[in-house]
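Reading through the structure tokens given below for one structure.
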Amino acid sequence: SNVLRMSSGIQIKPKTAVQNIKTSSPLPRSVEAAIKPQPKPSDKLNPKTIDPFSAYSQPPSTFAAIYAKGGIPCRLVHGSVKHRLQWECLPETVPFDPLLVTLAEGLRETKHPYTFVSKEGFKELLMVEGATEKAIPLLPRLVPVLKTALAHSDDDVFGRGLDALVQLSAVVGPSLNGHLKHLLTNLSRRLMHKKFREEITVALEKLEQYGGKATVAIIKSKIPTYCSIFS
């Protein structure tokens, strides 16, 4: 009954309703988005779920790649008032080489949680007992890294680099004097901006305080307008 006969004798079968309906139809984008699992907000803070090779972080920095692999033995913990670091082991037992250098490299990061972990990790590692003896041998590797942070165009990166420099000076004292010239050029440039003038001046005074009177001549060689705290 579904076959039509034409005068020429050719038989034609009409398309059925089933044939007119596509076997599959794509889901609306809104439905696909609802079905697709969404990442949890906490995943952004978990080093195991951070993809350093994502579109937002290519090419990955050294610090981001190490952090993503779990190579930094501390993690960010959110508090009701402020964040803090939780170490997987006592900081006193962590080798400074290469962790302290890696944390210094992380000061150039501009994304959370790298910015917090690198800044706090560097500070807390320098607070452990015996930090002076552990940090001094690393100065030839730390100074170039800090110099890069101080030369960064991002103001926050520069601020973290300046804080780290003062923290390092407080630990190693006069041992930093031999490397100080390499860092003062960038401070001299930023000193011309009113925004950083007071902050840099305070940092220079700290460097002199921790480095001793010999530091004055070193600072003045790059920043002639500096006034010694001992004068």
Side-chain angles (χ1 to χ4, degrees), residues 62-63 74 85 91-109 115-231:
T62 302
F63 183 83
C74 57
L85 285 184
E92 292 84 356
T93 64
V94 178
F96 271 42
D97 187 5
L99 183 58
L100 189 64
V101 179
T102 302
L103 291 169
E105 290 174 342
L107 297 172
R108 302 196 304 268
E109 297 291 337
T115 52
F116 181 85
V117 173
S118 60
K119 177 182 178 179
E120 289 300 310
F122 188 87
K123 180 178 72 174
E124 292 185 14
L125 202 58
L126 286 177
M127 293 171 62
V128 304
E129 185 178 355
T132 301
E133 294 76 14
K134 297 177 181 179
I136 289 178
L138 298 177
L139 286 177
R141 293 161 58 191
L142 285 170
V143 169
V145 176
L146 291 179
K147 180 181 178 180
T148 305
L150 293 172
H152 204 284
S153 59
D154 188 286
D155 291 346
D156 292 334
V157 173
F158 170 79
R160 288 192 291 272
L162 188 63
D163 290 341
L165 174 60
V166 173
Q167 292 159 8
L168 182 63
S169 176
V171 172
V172 301
S175 297
L176 185 61
N177 288 346
H179 307 272
L180 207 51
K181 284 186 177 181
H182 304 293
L183 302 167
L184 291 173
T185 301
N186 293 319
L187 297 187
S188 177
R189 292 172 182 169
R190 295 268 186 166
L191 197 58
M192 293 185 291
H193 300 277
K194 185 178 179 181
K195 179 179 180 180
F196 303 102
R197 192 169 301 160
E198 182 178 354
E199 186 178 357
I200 294 175
T201 300
V202 172
L204 291 173
E205 291 173 350
K206 292 290 185 181
L207 292 175
E208 181 185 356
Q209 176 185 343
Y210 300 134
K213 292 185 178 182
T215 312
V216 180
I218 301 172
I219 296 177
K220 281 185 172 292
S221 68
K222 295 293 183 179
I223 308 175
T225 57
Y226 175 72
C227 296
S228 171
I229 57 176
F230 297 108
S231 59

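Values below: all heavy atoms of this structure, side chains included; hydrogens, waters and symmetry mates excluded.
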Are [X] and [Y] side-chain neighbours, meaning at least one heavy-atom pair lies under 4.5 Å?
X	Y	result
R108	V145	yes
P98	R141	yes
L142	F122	yes
L187	L162	yes
E109	V117	no
F96	V101	no

TODO: Output, in order, the C-alpha distance, side-chain angles, deciding distance and verdict of side-chain contact (heavy atoms from CB on, under 4.5 Å) for E208 and F230.
DONE: CA-CA 9 Å; E208 181 185 356; F230 297 108; 2.9 Å; yes
Testing the basics here: between [X] and [Y], what is the closest heavy-atom pair and its distance to 0.1 Å?
X	Y	result
V171	A131	CG1-C, 3.8 Å
A149	V157	O-CG1, 3.7 Å
R197	M192	NH2-O, 3.5 Å
K147	N186	O-ND2, 3.2 Å
H152	D154	ND1-N, 3.0 Å
G106	S118	O-OG, 3.0 Å

From [X] [atom1] over to [Y] [atom2], what is the distance, rounded to the nearest 0.5 angstrom?
X	Y	atom1	atom2	value
L176	S169	CG	OG	5.5 Å
I223	R189	CD1	CZ	11.5 Å
Y210	L165	OH	CG	11.5 Å
Q209	T215	CD	OG1	10.5 Å
S228	K213	OG	NZ	8.0 Å
Y226	I219	OH	CD1	4.5 Å

Test your reading of the model: is there a side-chain donor-acceptor pair from [X] to the backbone of [Y], 3.5 Å cut-off?
X	Y	result
H193	K195	no
S188	L184	no
Q167	L126	no
K181	K222	no

Open item on the list: Using side-chain contact (heavy atoms from CB on, under 4.5 Å), reason through L146 and L107 one step at a time and then give a plain yes or no.
Closed with: CA-CA 8 Å; L146 291 179; L107 297 172; 3.8 Å; yes
Open item on the list: Could you check whether R190 pairs with D155 (Lys NZ or Arg NE/NH1/NH2 to Asp/Glu carboxylate O, under 4.0 Å)?
Closed with: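 A salt bridge links R190 with D155.
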Open item on the list: Can you confirm whether more than 12 heavy atoms, excluding those of K134, are under 6.0 Å from its NZ atom?
Closed with: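 Enclosed: over 12 neighbouring heavy atoms sit under 6.0 Å from NZ of K134.
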Task: T201/L191 under side-chain contact (heavy atoms from CB on, under 4.5 Å): CA gap, chis, key distance, verdict - done: CA-CA 8 Å; T201 300; L191 197 58; 4.1 Å; yes
TODO: Evaluate the side-chain contact (heavy atoms from CB on, under 4.5 Å) criterion for residues T102 and T62: first the C-alpha distance (whole Å), next the side-chain angles of each, then the deciding distance (0.1 Å), finally the verdict.
DONE: CA-CA 8 Å; T102 302; T62 302; 5.5 Å; no
